[in-house]
Amino acid sequence: LWPWLLASSGLSALVQLVTLPFFPDSPSYLLIQKGNEEACRKAIRKLWGEGDHQAEIDDIMKEKAAMTSTKTLRVLEVIKERSLRWQLYILITVMTTLQLCGINAIYFYSFEVFHTAKFEEYVIPYVSLGVGLCECLSSILCTTLIDRFGRKVLLWGGYTLMCSVLALLTMTLSLQRQFFWMHYFSVILIFLFVIFYGTGP
């Protein structure tokens with residue numbers, strides 16, 4: 001079953017490969033990069049139907065004017081630019097915490113936790129699949145939550161809950177030989193961690 005499951009990801013790639021030639025180019029790409037206003041209008045009509053789309057074209061023209069007046073900076077120039085310093089710090093912090101948040105460790109050790117929880121050998125891959133499905137669903141949920149609560153609240157809330165879950169998971173893994181039900185609590189915590197990761201960071 002697993003080879004078929006892994007091969008199924010190629011199905012979506014095949015669908016994209018077949019349908020991509022029938023999609024129009026981006027109107028902003030055609031107007032800003034190519035400078036082809038007629039092709040831009042044709043793409044807009046294909047995307048949004050017939051009608052007066054002059055307002056959209058004017059917006060793209062404003063974007064083009066803004067881009068031409070903005071200087072493109074190299075990597076070293078971005079680092080040296082004082083006005084971009086805080087944005088750079090925030091970006092580095094978010095990316096670093098995302099890499100060191102523990103999600104890779106959770107995925108790496110989850111099989112061992114499920115095995116210790118006395119799951120049958122043939123059931124463990126499906127439980128692991130459930131963990132991945134939880135991340136996928138929580139990421140979809142995040143797209144609706146981000147408009148309501150904002151990115152900052154989701155980041156702070158996600159990291160706070162993830163830290164709490166990791167602390168509890170460390171405790172349950174340490175006590176799993178003393179209490180038989182700790183194994184199942186560890187499994188629940190793994191699912192919670194993945195959900196908080198998907199909805200937060």
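Since the model is a prediction, treat every value here as computed from it, not as a measurement. Just so it is clear, the values below take in all heavy atoms, side chains as well, and ignore hydrogens, waters and symmetry mates.
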Measure the spacing between [atom1] of [X] and [atom2] of [Y] and express it to the nearest 0.5 Å.
X: Ile146; Y: Arg151; atom1: CD1; atom2: CZ; value: 4.5 Å
X: Thr93; Y: Leu155; atom1: OG1; atom2: CG; value: 11.0 Å
X: Ile90; Y: Lys152; atom1: CD1; atom2: NZ; value: 8.0 Å
X: Cys163; Y: Leu168; atom1: SG; atom2: CG; value: 11.5 Å
X: Gln33; Y: Asp25; atom1: CD; atom2: CG; value: 11.5 Å
X: Glu63; Y: Ser28; atom1: CD; atom2: OG; value: 6.0 Å

Hphob cluster co-occupancy, [X] + [Y], side-chain heavy atoms under 4.5 angstrom:
X: Trp181; Y: Ile190; result: yes
X: Trp48; Y: Ile57; result: yes
X: Leu141; Y: Phe149; result: yes
X: Ile124; Y: Phe108; result: no
X: Leu161; Y: Ile188; result: yes

Please name the pair of heavy atoms, one in [X] and one in [Y], separated by the smallest distance, quoted to 0.1 Å.
X: Lys64; Y: Gly35; result: NZ-CA, 4.4 Å
X: Ile60; Y: Cys40; result: CD1-SG, 4.3 Å
X: Gln87; Y: Ser83; result: OE1-O, 3.2 Å
X: Val18; Y: Pro21; result: O-CD, 3.3 Å
X: Ser138; Y: Ile195; result: CB-O, 3.6 Å
X: Phe191; Y: Cys134; result: CD2-SG, 3.5 Å

Does some side-chain heavy atom of [Y] sit less than 4.5 Å from a side-chain heavy atom of [X]?
X: Leu169; Y: Phe193; value: no
X: Glu56; Y: Pro27; value: no
X: Phe114; Y: Val123; value: no
X: Glu121; Y: His115; value: yes
X: Phe23; Y: Lys46; value: no
X: Val131; Y: Ser110; value: no
X: Asp58; Y: Gln54; value: yes

Per side-chain contact (heavy atoms from CB on, under 4.5 Å), Phe179 is matched among Arg177, His183, Met182 by Met182

Verify side chain to side chain contact (heavy atoms under 4.5 Å, CB included) between Ile103 and Leu98, making sure each step is shown before the conclusion. CA-CA 9 Å; Ile103 189 68; Leu98 195 61; over 6 Å; no

So, are Arg41 and Glu37 salt-bridged, with charged N and O less than 4.0 Å apart?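 Between Glu37 and Arg41 there is a salt bridge, with a charged N closer than 4.0 Å to a carboxylate O.
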
Can you tell me if CD on Glu112 sees more than 12 non-hydrogen neighbours from other groups inside 6.0 Å?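 At most 12 heavy atoms, drawn from other residues, nucleotides or ligands, come within 6.0 Å of this atom.
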
Verify the neighbour count for atom CZ of Arg85: are there more than 12 heavy atoms of other residues, nucleotides or ligands below 6.0 Å? yes

Using a distance-only test with no angle check, is there a side-chain donor-acceptor pair under 3.5 angstrom linking [X] and [Y]?
X: Tyr159; Y: Thr97; result: yes
X: Glu135; Y: Tyr107; result: yes
X: Thr172; Y: Ser186; result: yes

Does the Glu77 side chain pair with the main chain of Arg74, one donor and one acceptor, at a distance under 3.5 Å? yes

Under the side chain to side chain contact (heavy atoms under 4.5 Å, CB included) rule, what do Leu189 and Leu166 come out as? Steps first, then yes or no, please. CA-CA 8 Å; Leu189 288 173; Leu166 282 179; over 6 Å; no

